[in-house]
Amino acid sequence: MSVLALNNISFSYGRNVVLDNLSLEFEKGKMYCIVGKSGAGKTTLLSVLSGLASPGQGSILYNGQDIKNIDKYRFRSQNIGVIFQSYNLLSKFTAVENVMLSMDIAGVKGVNKHSKATELLHSVGLDDDECNRRILKLSGGQQQRVAIARALSYDPAIILADEPTGNLDSDTQQEIMDIFHELAKQGKCVILVSHSPEVASMCDECYELKRTQKRPKK
């Protein structure tokens, strides 16, 4: 059974149809790549999958339940972790503070948050010194690792990442992809958007979006 499914989803910006009658399924333990040319709707699809945007028609199912019937705030803050292309980290805070803040927002209880945040940052390759640096004193690759740790801070079933290796060199790209592979092996559903054929080739399945020229009727 899929952990996340789209059933006949359509999404429009005004008269411009971006997603048209789209149905996809995503399972735990697999890594997926969403590919397509600019304007095909890749980032819009991530917004729909994460519950940040609502489709004009169709349904989104999480563990078989329509997310319309789920508390959307809880879904976004507990069930699904989003890694943004620009990271969206708080620059005035350290790496560990960014991860702890995410845990606070998600309502994580019963753990030492500083220890847990440090453990997560270690798991994605940061050392103690890097954990305690402010974000602007970290490289792009290190910031990406912080963004991944933040997304993992409340143990979501699904990880969404928008161009997670777009600004990284090839060696760092491979290291980040290794992290995503390990997450899938641990049972997470990992969904990436990427323009990179290399990234696509490293995923279990790829879905290609095609730009539509259709317009909804007035």
Which heavy-atom pair separates [X] from [Y] by the least distance, and what is that distance?
{"X": "Asp128", "Y": "Asn132", "result": "O-ND2, 2.9 Å"}
{"X": "Cys203", "Y": "Cys33", "result": "SG-CB, 3.6 Å"}
{"X": "Ala5", "Y": "Ser2", "result": "CB-OG, 3.7 Å"}
{"X": "Ala184", "Y": "Val190", "result": "N-CG2, 4.1 Å"}
{"X": "Leu121", "Y": "Cys131", "result": "CB-SG, 3.5 Å"}

Please report, to 0.1 Å, the donor-acceptor pairs under 3.5 Å made by any side chain of residues 138-146, with sequence neighbours excluded.
| from | atom 1 | to | atom 2 | distance (Å) |
| --- | --- | --- | --- | --- |
| Ser139 | OG | Gln142 | N | 3.2 |
| Ser139 | OG | Gln142 | OE1 | 3.4 |
| Gln142 | OE1 | Ser139 | N | 2.8 |
| Gln142 | NE2 | Glu130 | OE2 | 2.9 |
| Gln143 | NE2 | Ile135 | O | 3.4 |
| Gln143 | NE2 | Leu138 | O | 3.1 |
| Gln144 | NE2 | Pro164 | O | 2.3 |
| Arg145 | NH1 | Val124 | O | 2.8 |
| Arg145 | NH2 | Glu175 | OE1 | 2.4 |

Show your reasoning for whether side-chain contact (heavy atoms from CB on, under 4.5 Å) applies to Ile158 and Asn79. CA-CA 7 Å; Ile158 303 163; Asn79 303 128; over 6 Å; no
Within the structure provided, determine whether Leu22 and Phe11 are in side-chain contact (heavy-atom separation under 4.5 Å). no
Side chains of Ile83 and Asn88, heavy atoms from C-beta outward: is any pair under 4.5 Å? no
Could you tell me how the ring of Tyr32 sits relative to the ring of Tyr207: parallel (under 30°), tilted (30 to 60°) or perpendicular (over 60°)? parallel
Measuring from atom [atom1] of [X] to atom [atom2] of [Y], what distance do you get when rounded to the nearest 0.5 angstrom?
{"X": "Ile60", "Y": "Ile70", "atom1": "CD1", "atom2": "CD1", "result": "10.0 Å"}
{"X": "Glu208", "Y": "Lys210", "atom1": "CD", "atom2": "NZ", "result": "4.0 Å"}
{"X": "Ile9", "Y": "Leu45", "atom1": "CD1", "atom2": "CG", "result": "9.0 Å"}
{"X": "Met31", "Y": "Glu205", "atom1": "CE", "atom2": "CD", "result": "12.0 Å"}
{"X": "Leu192", "Y": "Leu160", "atom1": "CG", "atom2": "CG", "result": "9.0 Å"}
{"X": "Ile159", "Y": "Ile80", "atom1": "CD1", "atom2": "CD1", "result": "8.5 Å"}

Who are the ring-ring contact (aromatic ring centres under 6.0 Å, His included) partners of Phe75, not counting sequence neighbours? Tyr62
By ring-ring contact (aromatic ring centres under 6.0 Å, His included), Tyr73 pairs with (sequence neighbours left out) none
How would you list, by chain and number, every residue that makes a salt bridge (charged side-chain N to carboxylate O under 4.0 Å, His left out) with Asp129, sequence neighbours excluded? Arg133
Only counting residues at least two apart or in another chain, list the ones meeting salt bridge (charged side-chain N to carboxylate O under 4.0 Å, His left out) with Glu182. Lys185
Could you walk me through whether Phe26 and Leu49 satisfy the side-chain contact (heavy atoms from CB on, under 4.5 Å) test, starting with their C-alpha distance in whole Å, then the side-chain angles of each, then the deciding distance to 0.1 Å, before giving a yes or no? CA-CA 11 Å; Phe26 303 93; Leu49 289 171; 4.0 Å; yes
Please list all pairs meeting ring-ring contact (aromatic ring centres under 6.0 Å, His included) that have one or both residues in residues 107-158, counting only residues at least two apart or in different chains. none
Would a hydrophobic clustering, with Ile, Leu, Val, Met, Phe, Trp and Tyr connected at side-chain separations under 4.5 Å, put [X] with [Y]?
{"X": "Ile34", "Y": "Leu4", "answer": "yes"}
{"X": "Val3", "Y": "Leu152", "answer": "no"}
{"X": "Val96", "Y": "Leu136", "answer": "no"}
{"X": "Val193", "Y": "Met202", "answer": "no"}
{"X": "Leu168", "Y": "Phe84", "answer": "no"}

With sequence neighbours excluded, tell me which residues meet side-chain contact (heavy atoms from CB on, under 4.5 Å) with Asp178. Gln174
Holding to side-chain contact (heavy atoms from CB on, under 4.5 Å), I want the full list of residues that pass it with Ser59, two or more places apart in sequence or in another chain. Asn7, Leu61, Asp66
Taking the side chain from Ser194 and the backbone from Ser196, do they hold a donor-acceptor pair closer than 3.5 Å? yes
Distance-only, no hydrogens or angles: does the Ser23 side chain make a donor-acceptor pair with backbone N or O of Asn8 under 3.5 Å? yes
Could you walk me through whether Gln173 and Ile176 pass side-chain contact (heavy atoms from CB on, under 4.5 Å), step by step? CA-CA 5 Å; Gln173 171 181 280; Ile176 296 299; 5.9 Å; no
What salt bridge (Lys or Arg N to Asp or Glu O under 4.0 Å) pairs are there with at least one residue in residues 71-98, not counting sequence neighbours? none
Sequence neighbours left out, what pairs pass salt bridge (Lys or Arg N to Asp or Glu O under 4.0 Å) with at least one residue falling in residues 155-169? Asp155-Lys188
Tell me which donor-acceptor pairs under 3.5 Å the side chains of residues 98-106 have, and how far apart each pair is, sequence neighbours excluded?
| from | atom 1 | to | atom 2 | distance (Å) |
| --- | --- | --- | --- | --- |
| Asn98 | OD1 | Leu90 | N | 2.8 |
| Asn98 | ND2 | Leu90 | O | 3.1 |
| Asn98 | ND2 | Thr94 | O | 3.0 |
| Ser102 | OG | Arg150 | O | 3.3 |
| Ser102 | OG | Ser153 | OG | 2.9 |
| Asp104 | OD1 | Lys113 | NZ | 2.6 |

Could you list the donor-acceptor pairs under 3.5 angstrom formed between side-chain atoms of residues 35-42 and any protein atom two or more places apart in sequence or on another chain?
| from | atom 1 | to | atom 2 | distance (Å) |
| --- | --- | --- | --- | --- |
| Lys42 | NZ | Gly36 | O | 2.9 |
| Lys42 | NZ | Lys37 | O | 3.2 |

side-chain contact (heavy atoms from CB on, under 4.5 Å) between Leu46 and Val82, worked out: CA-CA 9 Å; Leu46 280 194; Val82 182; over 6 Å; no
